[in-house]
K.L.:
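Got a structure here, written out as structure tokens. Questions coming.
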Amino acid sequence: MDFENKTVIVTGAGKGIGRATVELLIGRGAQVVALTRSAADVEALRHMGCRAMQVDLSDADATRRAALAALPADLLVNCAGTTELQSFLETTVEAFDHLIAVNTRAPMIVAQEYARALIREGRNGAIVNVSSVASFVGIPDHAAYCASKGGLDGLTRVMAKELAPHGIRANGIHPTVTLTPMAIKAWSDPDKAAGMLSRIPVGRFAEPVDVAEVILFLLSEEAAMINGISMPVDGGYMIA
Ligand code: NDP
């Protein structure tokens, strides 16, 4: 997969799956426009050769400004995401609204500006939205997270139908637990981790690069006929 002369927007590029995706893209010739939150990560991404911008994706107006500033671009990876561990009964409106803003609304806004520009210019493109197995499986203590990723999947499918006639594909990927800072927050309890691990037939959690390779495939020309799918990257976790 060759990304020479391609400019790729990656949100959540500072850490975890986003960072691994940036590293692979740069290694395969892409120019990366990185959107992320922490100033230290922005600095590190600049050192790696990215055009990096600091933005809080929970702020809709700031997200739209950053999306416009990130243009022009050929490809888009909506990877930024966040979680808050709360049981369903304890889920607060504040946490719910925050997760929807970052995990669902921000990908919509960034994709809108990206796609509008491509359509205006008559150019093709591809979007990968990083969802989760949590959009298919009810995971205790992840009510707002599961809802936010289910909402993202709805957006992916509508984008796939509305944008493909303009030459823009949209797909979702659904990782299982992936060893990143977010996973450490969610899965540091050994009993909880063991229960999850026992349901993954390949016998391990994902590494960020396992997920990043699939993101690059779905962005690539090799995936030209893949549109609107939900691709698990889960070692078989969702086998019925
Ligand atoms: P990390 O926490 O490792 O990285 C998330 C990235 O998103 C960070 O760079 C973070 O920046 C950025 N981000 C979070 N909130 C905001 C915000 N409000 N504004 C701007 N940037 C923000 O997460 P992962 O790499 O694990 O997750 C990446 C994606 O993969 C997410 O969408 C997640 O839901 C999904 N996923 C992860 C799984 C896992 O087990 N790790 C499993 C399934 C899906 P900062 O640190 O500066 O806040």
Side-chain angles (χ1 to χ4, degrees), residues 9-24 32-45 48 50 52-67 70 76-85 95 97-110 128-137 139 141-142 144-153 155-156 172-188 192-193 196-197 200 204-212 214-215 230-235 237-238:
I9 300 172
V10 181
T11 74
K15 297 184 177 71
I17 296 167
R19 174 66 76 94
T21 302
V22 169
E23 287 168 2
L24 284 189
V32 174
V33 185
L35 269 52
T36 198
R37 183 168 53 176
S38 302
D41 288 338
V42 168
E43 208 44 49
L45 287 158
M48 290 166 62
C50 299
M53 282 180 245
Q54 191 175 6
V55 59
D56 180 352
L57 295 167
S58 68
D59 177 334
D61 293 336
T63 299
R64 197 172 295 283
R65 283 195 298 276
L76 167 63
V77 183
N78 274 314
C79 188
T82 190
T83 193
E84 194 68 54
L85 294 189
D97 286 351
H98 182 68
L99 265 61
I100 295 289
V102 176
N103 297 354
T104 317
R105 188 180 67 193
M108 177 193 77
I109 292 170
V110 178
V128 174
N129 289 327
V130 181
S131 183
S132 169
V133 293
S135 75
F136 299 127
V137 177
I139 302 180
D141 299 331
H142 285 74
Y145 184 76
C146 291
S148 71
K149 293 298 189 181
L152 179 61
D153 293 357
L155 286 171
T156 302
I173 65 157
H174 299 253
T176 185
V177 175
T178 307
L179 296 169
T180 68
M182 176 189 282
I184 291 160
K185 181 171 165 187
W187 298 96
S188 53
K192 189 175 159 192
M196 185 68 175
L197 206 47
I200 301 176
R204 66 174 177 87
F205 291 142
E207 295 291 339
V209 70
D210 294 322
V211 183
V214 181
I215 293 173
S230 299
M231 164 83 93
V233 186
D234 70 344
Y237 169 76
M238 282 193 292

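Counting starts at 1 for both ligands and their atoms, following the listed order.
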K.L.:
Nearest to atom 4 (O) of ligand 1, what protein heavy atom do you find, and at what distance?
P.N.:
K15 CB, 3.7 Å

K.L.:
Is ligand 1 less than 4.0 angstrom away from at least one heavy atom of F205?
P.N.:
no

K.L.:
Starting from atom 20 (C) of ligand 1, locate the nearest protein heavy atom and write down its residue, its atom name and how far away it is, to 0.1 Å.
P.N.:
V55 O, 3.1 Å

K.L.:
Of all the atoms in ligand 1, which lie at a distance below 4.0 Å from a heavy atom belonging to D56?
P.N.:
17 (C), 18 (N), 19 (N)

K.L.:
Enumerate the atoms of ligand 1 whose separation from the nearest heavy atom of G16 is less than 4.0 angstrom.
P.N.:
3 (O), 25 (O)

K.L.:
Considering non-hydrogen atoms only, spot the tightest contact between K149 and V130 and give its length.
P.N.:
NZ-O, 2.9 Å

K.L.:
Who's closest to atom 14 (C) of ligand 1 heavy-atom-wise, of G81, A80, G12?
P.N.:
G81

K.L.:
If you count the atoms of ligand 1 from 1 in the order shown, which ones are under 4.0 Å from a heavy atom of P181?
P.N.:
3 (O)

K.L.:
Does any N/O atom on H98 come nearer than 3.5 Å to any N/O atom on ligand 1?
P.N.:
no

K.L.:
Please determine whether any non-hydrogen atom of R19 lies less than 4.0 Å from an atom of ligand 1.
P.N.:
no

K.L.:
Report yes if some N/O of G18 lies less than 3.5 Å from some N/O of ligand 1; otherwise report no.
P.N.:
no

K.L.:
W187 vs F205 aromatic rings, parallel, tilted or perpendicular, using cut-offs 30° and 60°?
P.N.:
tilted

K.L.:
Show the atoms of ligand 1 that are less than 4.0 angstrom away from any heavy atom in S58.
P.N.:
18 (N)

K.L.:
I'd like to check whether P175 has a polar contact with ligand 1, where a contact means an N/O of the residue lying under 3.5 Å from an N/O of the ligand.
P.N.:
no

K.L.:
Closest non-hydrogen protein atom to atom 44 (C) of ligand 1, residue and atom name please, with distance?
P.N.:
S131 O, 3.1 Å

K.L.:
Report yes or no: does T176 have a heavy atom closer than 4.0 Å to ligand 1?
P.N.:
yes

K.L.:
Is V133 close to ligand 1, meaning an N/O of one under 3.5 Å from an N/O of the other?
P.N.:
no

K.L.:
Counting non-hydrogen protein atoms only, what is the nearest one to atom 25 (O) of ligand 1? Give residue, atom name and distance.
P.N.:
I17 N, 2.8 Å

K.L.:
In terms of atom number and element, which parts of ligand 1 are under 4.0 angstrom from non-hydrogen atoms of V102?
P.N.:
15 (N), 18 (N)

K.L.:
As an exercise, identify every atom of ligand 1 less than 4.0 angstrom from a heavy atom of G14.
P.N.:
9 (O)

K.L.:
Kindly confirm or rule out an N or O of T82 lying under 3.5 angstrom from an N or O of ligand 1.
P.N.:
no

K.L.:
May I ask you to list the atoms of ligand 1 that are less than 4.0 angstrom from any heavy atom of V177?
P.N.:
40 (O)

K.L.:
Specify the protein heavy atom at minimum distance from atom 39 (C) of ligand 1: its residue, its atom name, and the distance to 0.1 Å.
P.N.:
T178 N, 3.4 Å

K.L.:
Check each heavy atom of K149 against ligand 1 and say whether those closer than 4.0 Å belong to the side chain, the backbone, both or neither.
P.N.:
side chain

K.L.:
Please state which option from V130, V10, T83, L152 has its nearest heavy atom closest to atom 30 (O) of ligand 1.
P.N.:
V130

K.L.:
Does any donor atom in the side chain of D41 or T36 lie under 3.5 Å from an acceptor atom in the other side chain?
P.N.:
no

K.L.:
So for ligand 1, is W187 a polar contact partner (N or O within less than 3.5 Å, distance only)?
P.N.:
no

K.L.:
Give the residue and atom name of whichever protein heavy atom lies nearest to atom 29 (C) of ligand 1, and the separation in Å to one decimal.
P.N.:
C79 O, 3.0 Å

K.L.:
For atom 24 (P) of ligand 1, find the nearest protein heavy atom and state the residue, atom name and distance (0.1 Å precision).
P.N.:
T180 OG1, 3.5 Å

K.L.:
When you measure from atom 34 (O) of ligand 1 to every protein heavy atom, which one gives the shortest distance, and what is it?
P.N.:
Y145 OH, 2.5 Å

K.L.:
Search all heavy atoms of V211 against all heavy atoms of A206 and return the closest pair with its distance.
P.N.:
CG2-CB, 4.3 Å

K.L.:
Say whether A101 and ligand 1 are in contact under the criterion: heavy-atom distance to a ligand atom below 4.0 Å.
P.N.:
no

K.L.:
From the options L57, V211, T36, select the one whose nearest heavy atom is closest to atom 17 (C) of ligand 1.
P.N.:
L57

